[in-house]
Number of protein chains: 2
Amino acid sequence: MKEIEKTLESKSVRPTAMRILIYKYMAEKEIAVALTDIENAFAKSDRTTLYRTLKTFEEKGVVHQIDDGTGIHKYALCEPGCNCELDQDLHLHFHCANCDETVCLTEHKIPHINLPEGFIAEDANLVIKGICEKCSGQ
Amino acid sequence: MKEIEKTLESKSVRPTAMRILIYKYMAEKEIAVALTDIENAFAKSDRTTLYRTLKTFEEKGVVHQIDDGTGIHKYALCEPGCNCELDQDLHLHFHCANCDETVCLTEHKIPHINLPEGFIAEDANLVIKGICEKCSGQ
DNA sequence: GTAGCGATGCAACGGAAGTGCATTTATTGT
DNA sequence: ACAATAAATGCACTTCCGTTGCATCGCTAC
Ligand SMILES: [Mn+2]
Ligand SMILES: [Mn+2]
Ligand SMILES: [Zn+2]
Ligand SMILES: [Zn+2]
């Protein structure tokens, strides 16, 4: 518990009760979560607060936003040392077509791509869609 | 003109007036287009028709849908020989942070990725965000 | 204590995707 | 050519999320 407070404070995020709960929820889940997921997990919660909490978390480098192609914004906690604010932690994401869960594959970085003349890369997003380990049954 | 009709018919899409117009519009643009773009291009057009036209085009392999991370569905004509229905034409896409335009880089295929044990890949989406050739000024 | 600022909660807005159903237009069979 | 059938189009409406405005609450500093 104190652990979470320290983490938040180290990223200049005031550790309010709600924020600690959200952080804890995301830490327990090992998959990317959507705003609606959190909303459903906490009966007594307001969507706006959750929305702004995630926004703050993102700005302060507590979480990173994931676009897995479903059209729904998902979020996952940043690993220690993740520099995703600087687009320096370009790991790929896997979205399961069966269970709809999305996971970070933090060990798998996006390979460097040679672009045509004139194109300048600043950020990259690579999502693999398929069947996850849980659903493939092994 | 006859050319377009033949293309559509070869993909079992009836070449109606509207469909030919939309196809022509997409062929002239060299970038991915959103439903709203088409809507604005044709003053006298109904969104539903455009929506369903794009859906038909996609199902029949005339266009492929692009998720460039903006949250807006975009579409581009399939190159001749593109097998994107079968997830066999995994080229990457480039989204310009400056002009918001998205282009297909059909020559640049998504590199093969080794996934952890148990994960089965079926599809992939790679979007590079940055500054396009037009905006980088060369 | 009180002034000030950040966090929270409620309500409402907005864009875009998607659906139901009536109408028009094209195709087919006689 | 005509009727029957199917496909395409148009209008209205819905839903889902993300987003914003504004009032209120609660902590913190002076
Ligand atoms: Mn991630
Ligand atoms: Mn493309
Ligand atoms: Zn799964
Ligand atoms: Zn550009």
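Protein chains get the first letters and strands the later ones, always in sequence-line order, with residue 1 at the start of each.
- Glu30(A) CD: 12 or fewer foreign heavy atoms inside a 6.0 Å radius.
- Residue Phe57(A) contributes atom CZ, which lies 17 Å from atom P of dG6(C) at whole-angstrom precision.
- Here dA7(C) presents its P atom at 11 Å from CD of Glu59(A), a figure rounded to the nearest Å.
- At least one side-chain heavy atom of Glu79(A) sits under 4.5 Å from a side-chain heavy atom of Thr106(A).
- The CD atom of Glu117(A) sits 10.5 Å away from the CG atom of Leu115(A) when rounded to the nearest 0.5 Å.
- Ring centers of Phe57(B) and Tyr75(B): at least 6.0 Å apart, outside the cut-off.
- One atom, CG of Leu50(B), and another, P of dT19(C), lie 17 Å apart when rounded to the nearest Å.
- Protein atom CG of Leu35(B) is 14 Å distant from nucleotide atom P of dT9(D), rounded to whole Å.
- If you take CD1 of Ile38(B) and C1' of dA17(C), they are 14 Å apart, rounded to a whole angstrom.
- Under a hydrophobic clustering in which Ile, Leu, Val, Met, Phe, Trp and Tyr are joined whenever their side-chain heavy atoms come within less than 4.5 Å, directly or via other members, Ile110(B) and Val127(B) fall into different clusters.
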Please tabulate the protein-to-nucleotide N/O contacts below 3.5 Å involving nucleotides 22-26 of chain C, giving atom names and distances.
none

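- For the pair Glu39(B) CD and dA17(C) C1', the computed distance is 12 Å after rounding to whole Å.
- For DNA chain C, none of the residues of residues 66-75 of chain A falls under the heavy-atom distance limit of 4.0 Å.
- Counting heavy atoms from C-beta on, the side chains of His64(B) and Leu77(B) never come closer than 4.5 Å.
- The existence of a salt bridge linking Lys134(A) and Glu101(A) is confirmed by a sub-4.0 Å separation between a basic side-chain nitrogen and an acidic carboxylate oxygen.
- Using a 3.5 Å distance cut-off with no hydrogens or angles, the side chains of His108(A) and His93(A) do not pair a donor with an acceptor.
- Put simply, the side chain of Asp37(B) gets close to the backbone of Ala34(B): a donor and an acceptor are under 3.5 Å apart.
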Filtered N/O pairs between nucleotides 8-12 of chain C and protein, under 3.5 Å:
residue: dT8(C); atom: OP1; partner: Thr16(A); partner atom: OG1; Å: 2.9
residue: dG9(C); atom: OP2; partner: Thr49(A); partner atom: OG1; Å: 3.1
residue: dG9(C); atom: O6; partner: Arg52(A); partner atom: NH2; Å: 2.5
residue: dC10(C); atom: N4; partner: Thr48(A); partner atom: OG1; Å: 3.1
residue: dA11(C); atom: N6; partner: Thr48(A); partner atom: OG1; Å: 3.2

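- Follow the hydrophobic side-chain contacts under 4.5 Å out from Ile66(A) and you never reach Ile38(A); the two are in separate clusters.
- Cluster annotation: Ile72(A) and Leu126(A) are assigned to distinct hydrophobic clusters (Ile/Leu/Val/Met/Phe/Trp/Tyr, side-chain heavy-atom contacts under 4.5 Å, transitive).
- When rounded to the nearest whole Å, the span between OH of Tyr51(B) and C1' of dT15(D) equals 12 Å.
- Per the geometry, CG belonging to Leu8(A) stands 18 Å off P belonging to dG6(C), to the nearest Å.
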